[in-house]
Q: 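Mind looking over this structure? Questions follow.
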Amino acid sequence: MPPSVSRALLLLAGLGCLLPGFLANEAQETAVSSHELDPPACHRIAPSLAEFALSLYREVARESNTTNIFFCPVSIALAFAMLSLGAKGDTHTQVLEGLKFNLTETAEAQIHDGFRHLLLTVNRPDSELQLAAGNALVVHENLKLQHKFLEDAKNLYHSEAFLVNFGDPEHAKTKINSYVEKGTRGKILDLVKELDPRTLLALVNYVFFKGKWEKPFEPNNTKEEDFHVDATSTVRVPMMSRLGRYNVFHCSTLASTVLLMDYKGNATALFLLPDQGKLQHLEDTLTTELIAKFLAKRNPRSVIVRFPKLSISGTYDLKPLLGKLGITQVFSDNADLSGITEQVALKVFKALHKAVLTIDERGTEAAGASVVELIPESVPESVTLDSPFLFVIYSHEIKSPLFVGKVVDPTQH
């Protein structure tokens, strides 16, 4: 690497948690003004976020068909959109277009305003859906950042900034990991394993999510059962079971069964169980338009749902993945990040993302016995997720996927 090019580090953490006992961050702003609600600015960027989520999923899935997948597209998009505030020229264009924004149709100001509103919406403390996001700029103590970049990062992305000495990588690593650990309520530990002492700037982002099942499972109904990892191997998993009214149907286009399970607080988990041998078809065929149709198709019926308890995680080096989406220059010696600082030429040498998901019966502090549903006397059908499936955790407030993943093996952590 030429000595004239210094290093920036981009770190992202996403957490999807259905365990009780965690509280969301206090919002930095507690109210959204009335003019922002009509129309919500975050809804204008939602189609791009959804397209980015599926595009990135396909790139991750191409890396391996034998491992679980879990990531937070909102977290990744937030960090790179904030980074674009300091990018210029082709570097700037590549980042925003790689996030699936059409710059001839959407003004850059609308993009950043959309993310600003998204953060306000996500961080509302009055929501039953406990969700929080945070950004931080970790700056080498001798690096002077452009005033406009600092102000825009603060005002649009609620980013805080703190100084470290990257020449002491252990101390810098501890500060960064502590920030992420605190933001994710101790669920994501040691995001940074090592730091290059030549690092000058780290952009850190996290999203914390705690969902409460609208219809919790009864723990006493959970039994050990087989999960069919592939045609020749099975694993034993604790399988939750619940009889209730759910939106479930078969999609012939995807050759998959679709199950919708709602959270309290205006969010829904979509689970997509492909027909035998149709997993690859599902991954290749799923679109944002189909997801929107599924979410709008509400006709609940009595179903026995059987679902594995699980705790999975995903850790990703985003450089090669985003490169396949056209974001390459920001990682190269030709990067133009002069809007961040003019002291040195910066490039992003590493972009890490880690996400963790835990699903159990409770998903809420309240017991499931409080949920009463009228069930017909006829024997209901059964939907059992006992083979690899895809899922999307979708926020109706921001009209975008919060998390995307695939469960291949529930015992694979």
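For the numbers below, each heavy atom of this structure counts, side chains included, while hydrogens, waters and symmetry mates do not.
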Q: Could you verify whether a donor N or O on one side chain and an acceptor N or O on the other, from Asp336 and Ser338, lie under 3.5 Å apart?
A: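 There is such a pair (donor and acceptor under 3.5 Å, judged by atom type) between the side chains of Asp336 and Ser338.
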Q: Test your reading of the model: is there a side-chain donor-acceptor pair from Thr174 to the backbone of Ala172, 3.5 Å cut-off?
A: no
Q: Can you sort out the partners of Asp409 under salt bridge (Lys or Arg N to Asp or Glu O under 4.0 Å), two or more places apart, ordered by chain and number?
A: none
Q: Between Phe403 and Phe71, does the ring centroid distance fall short of 6.0 Å?
A: no
Q: Are Lys347 and Phe331 in a cation-pi setup, meaning NZ or CZ lies under 6.0 angstrom from the ring centre and within 45 degrees of the ring axis?
A: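 Lys347 over Phe331 ring: no.
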Q: Could you walk me through whether Leu273 and Ser387 pass side chain to side chain contact (heavy atoms under 4.5 Å, CB included), step by step?
A: CA-CA 8 Å; Leu273 179 68; Ser387 59; 3.4 Å; yes
Q: Donor-acceptor pairs are to be reported for all side-chain atoms of residues 318-330 against protein atoms at under 3.5 Å, with residues two or more places apart or in another chain.
A:
from: Lys324; atom 1: NZ; to: Glu63; atom 2: OE2; distance (Å): 2.9
from: Thr328; atom 1: OG1; to: Gln94; atom 2: OE1; distance (Å): 3.3
from: Gln329; atom 1: NE2; to: Thr91; atom 2: OG1; distance (Å): 3.1
from: Gln329; atom 1: NE2; to: Asn334; atom 2: O; distance (Å): 3.2

Q: Between Leu310 and Val407, is there a side-chain heavy-atom distance shorter than 4.5 Å?
A: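 SC-SC contact between Val407 and Leu310 confirmed.
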Q: Would a distance-only check, ignoring hydrogens and angles, find a side-chain to backbone donor-acceptor pair under 3.5 Å from Asn68 to Val408?
A: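 Judged by distance alone, yes, a pair lies under 3.5 Å.
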Q: Within the side chain of Ser233, is there an N or O that forms a donor-acceptor pair under 3.5 Å with the backbone of Val229?
A: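 Pair absent, no side-chain N/O of Ser233 close to backbone of Val229.
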Q: Hey, is Asp262 close enough to Lys212 for a salt bridge, meaning N to O under 4.0 Å?
A: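 Here Asp262 does not pair with Lys212 in a salt bridge, since their nearest N and O are not under 4.0 Å apart.
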Q: Apply the test side chain to side chain contact (heavy atoms under 4.5 Å, CB included) to residues Tyr316 and Val60: give CA-CA distance (whole Å), side-chain angles for both, the deciding distance (0.1 Å), then the verdict.
A: CA-CA 9 Å; Tyr316 305 100; Val60 175; 3.6 Å; yes
Q: Please enumerate all residues that pass ring-ring contact (aromatic ring centres under 6.0 Å, His included) together with His92, with sequence neighbours excluded.
A: none
Q: Test side chain to side chain contact (heavy atoms under 4.5 Å, CB included) on Leu259 and Leu385 and set out the steps.
A: CA-CA 10 Å; Leu259 169 67; Leu385 281 79; 4.1 Å; yes
Q: With sequence neighbours left out, write down each residue that passes ring-ring contact (aromatic ring centres under 6.0 Å, His included) with His43, or none if nothing qualifies.
A: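 Applying ring-ring contact (aromatic ring centres under 6.0 Å, His included) to His43 gives none.
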Q: Taking side chain to side chain donor-acceptor pair (under 3.5 Å) as the definition, give me every residue that meets it alongside Thr253, ordered by chain and number, with sequence neighbours left out.
A: none
Q: Please examine the side chains of Val305 and Leu243, heavy atoms only from C-beta on, and report whether any two atoms are closer than 4.5 Å.
A: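 Side-chain contact under 4.5 Å: no.
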Q: So, using salt bridge (Lys or Arg N to Asp or Glu O under 4.0 Å) as the criterion, who are the partners of Lys406 when residues are at least two apart?
A: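 Once residues adjacent in sequence are excluded, the partners of Lys406 under the salt bridge (Lys or Arg N to Asp or Glu O under 4.0 Å) criterion are Glu283.
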Q: What pair of heavy atoms forms the shortest contact from Thr287 to Leu54, and how long is it?
A: C-CD1, 3.5 Å
Q: Ser84 side chain to Ala81 main-chain N or O, any donor-acceptor pair under 3.5 Å?
A: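 Yes, because the side chain of Ser84 sits within donor-acceptor range (under 3.5 Å) of the backbone of Ala81.
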Q: Hey, are the side chains of Val344 and Leu200 touching, using non-hydrogen atoms and a 4.5 Å cut-off?
A: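 Result yes, sub-4.5 Å side-chain heavy-atom pair found.
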Q: Please name all residues satisfying ring-ring contact (aromatic ring centres under 6.0 Å, His included) with Phe249, sequence neighbours left out, ordered by chain then number.
A: Phe294
Q: Roughly how far, to the nearest 0.5 Å, is the NE2 atom of His228 from the OG1 atom of Thr384?
A: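 That separation rounds to 9.5 Å.
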Q: So which heavy atom on Ala355 is nearest to which on Cys72, and how close?
A: CB-N, 4.4 Å
Q: Partners of Asp226 by salt bridge (Lys or Arg N to Asp or Glu O under 4.0 Å), sequence neighbours excluded?
A: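 Asp226 satisfies salt bridge (Lys or Arg N to Asp or Glu O under 4.0 Å) with Arg236 once adjacent residues are dropped.
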Q: Can you tell me how far CG of Asp152 sits from NE2 of His112, rounded to the nearest 0.5 angstrom?
A: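 That separation rounds to 7.5 Å.
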Q: Locate the shortest heavy-atom distance separating Val404 from Tyr57; write the atom from each residue and the value.
A: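 So the two residues come closest at CG1-CD1, 3.7 Å.
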Q: Are His250 and Asp275 close enough that a side-chain donor and a side-chain acceptor fall under 3.5 Å?
A: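 A pair is found: one side chain offers a donor N or O, the other an acceptor, under 3.5 Å apart.
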Q: Would you give the length of the straight line joining atom NE2 of His158 to atom CZ of Arg116, rounded to the nearest 0.5 angstrom?
A: 7.0 Å
Q: Please list, chain by chain and in numerical order, all residues satisfying side chain to side chain donor-acceptor pair (under 3.5 Å) with Asp284, sequence neighbours excluded.
A: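 Only Gln280 meet the side chain to side chain donor-acceptor pair (under 3.5 Å) criterion with Asp284.
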Q: Run the side chain to side chain contact (heavy atoms under 4.5 Å, CB included) check on Arg298 and Leu260 step by step: do they pass?
A: CA-CA 9 Å; Arg298 296 284 171 155; Leu260 276 63; 3.7 Å; yes
Q: Hey, is the main chain of Ile188 close enough, under 3.5 Å, to the side chain of Thr184 for a donor-acceptor pair?
A: yes
Q: Is there side-chain contact between Leu78 and Phe115, with at least one heavy-atom pair below 4.5 Å?
A: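 A side-chain contact exists here, since the closest heavy-atom pair is under 4.5 Å.
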Q: With the side chain counted from C-beta on, respond yes when Met82 and Leu156 share a heavy-atom pair under 4.5 Å apart, and no when they do not.
A: no
Q: Evaluate the side-chain proximity of Lys215 to Arg242: yes if any heavy-atom separation is below 4.5 Å, no if none is.
A: yes
Q: If we ignore hydrogens and angles and just use 3.5 Å, is the side chain of Ser252 paired with the main-chain N or O of Ala255 as donor and acceptor?
A: no
Q: Quick one: does Ser64's side chain have a donor or acceptor within less than 3.5 Å of a partner on Thr66's backbone?
A: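 Judged by distance alone, yes, a pair lies under 3.5 Å.
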Q: Would you give the length of the straight line joining atom CG of Leu83 to atom CD1 of Ile340, rounded to the nearest 0.5 angstrom?
A: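 It comes to 5.0 Å.
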Q: Indicate the atoms forming the closest heavy-atom contact of Gln110 with Ile45, along with that distance.
A: O-CG2, 4.0 Å
Q: For Pro410 and Pro308, work out which heavy atoms get closest and say how close.
A: CG-CB, 4.2 Å
Q: Can you run down the salt bridge (Lys or Arg N to Asp or Glu O under 4.0 Å) pairs that involve residues 95-112, sequence neighbours left out, and say none if there aren't any?
A: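 Output for this query is empty, none listed.
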Q: Does one side chain, of His396 or Thr268, offer a donor that lies under 3.5 Å from an acceptor on the other?
A: yes
Q: Taking salt bridge (Lys or Arg N to Asp or Glu O under 4.0 Å) as the cut-off, I'd like each qualifying pair that reaches into residues 303-315, sequence neighbours left out, listed once.
A: Glu225-Arg306, Lys309-Glu361
Q: What residues form a salt bridge (Lys or Arg N to Asp or Glu O under 4.0 Å) with Glu170, not counting sequence neighbours?
A: Lys173
Q: Looking at Phe209 versus Tyr263, is the centre-to-centre ring distance below 6.0 Å?
A: yes
Q: May I ask you to decide if Leu191's main-chain N or O and Asn177's side chain share a donor-acceptor pair within less than 3.5 Å?
A: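 The answer is yes, because a donor-acceptor pair under 3.5 Å joins these two groups.
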Q: Counting C-beta onward and ignoring hydrogens, is there a side-chain heavy-atom pair between Pro73 and Leu49 closer than 4.5 Å?
A: no
Q: Taking the side chain as every heavy atom from C-beta outward, state whether Asp196 and Pro169 have any pair of such atoms under 4.5 Å apart.
A: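 They are not in contact (no side-chain heavy atoms under 4.5 Å apart), so the answer is no.
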Q: Which of these, Trp213, Tyr246, Phe389, Phe227, sits in a ring-ring contact (aromatic ring centres under 6.0 Å, His included) with Phe307?
A: Phe389
Q: For Pro401 versus Val74, what's the shortest heavy-atom pair and its separation?
A: O-CG2, 3.4 Å
Q: Distance from Leu85 atom CG to Leu203 atom CG, nearest 0.5 Å?
A: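 It is 9.5 Å, given to the nearest 0.5 Å.
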Q: Rounded to the nearest 0.5 Å, what's the gap from CZ on Phe166 to CG on Leu201? Could you check?
A: 7.0 Å
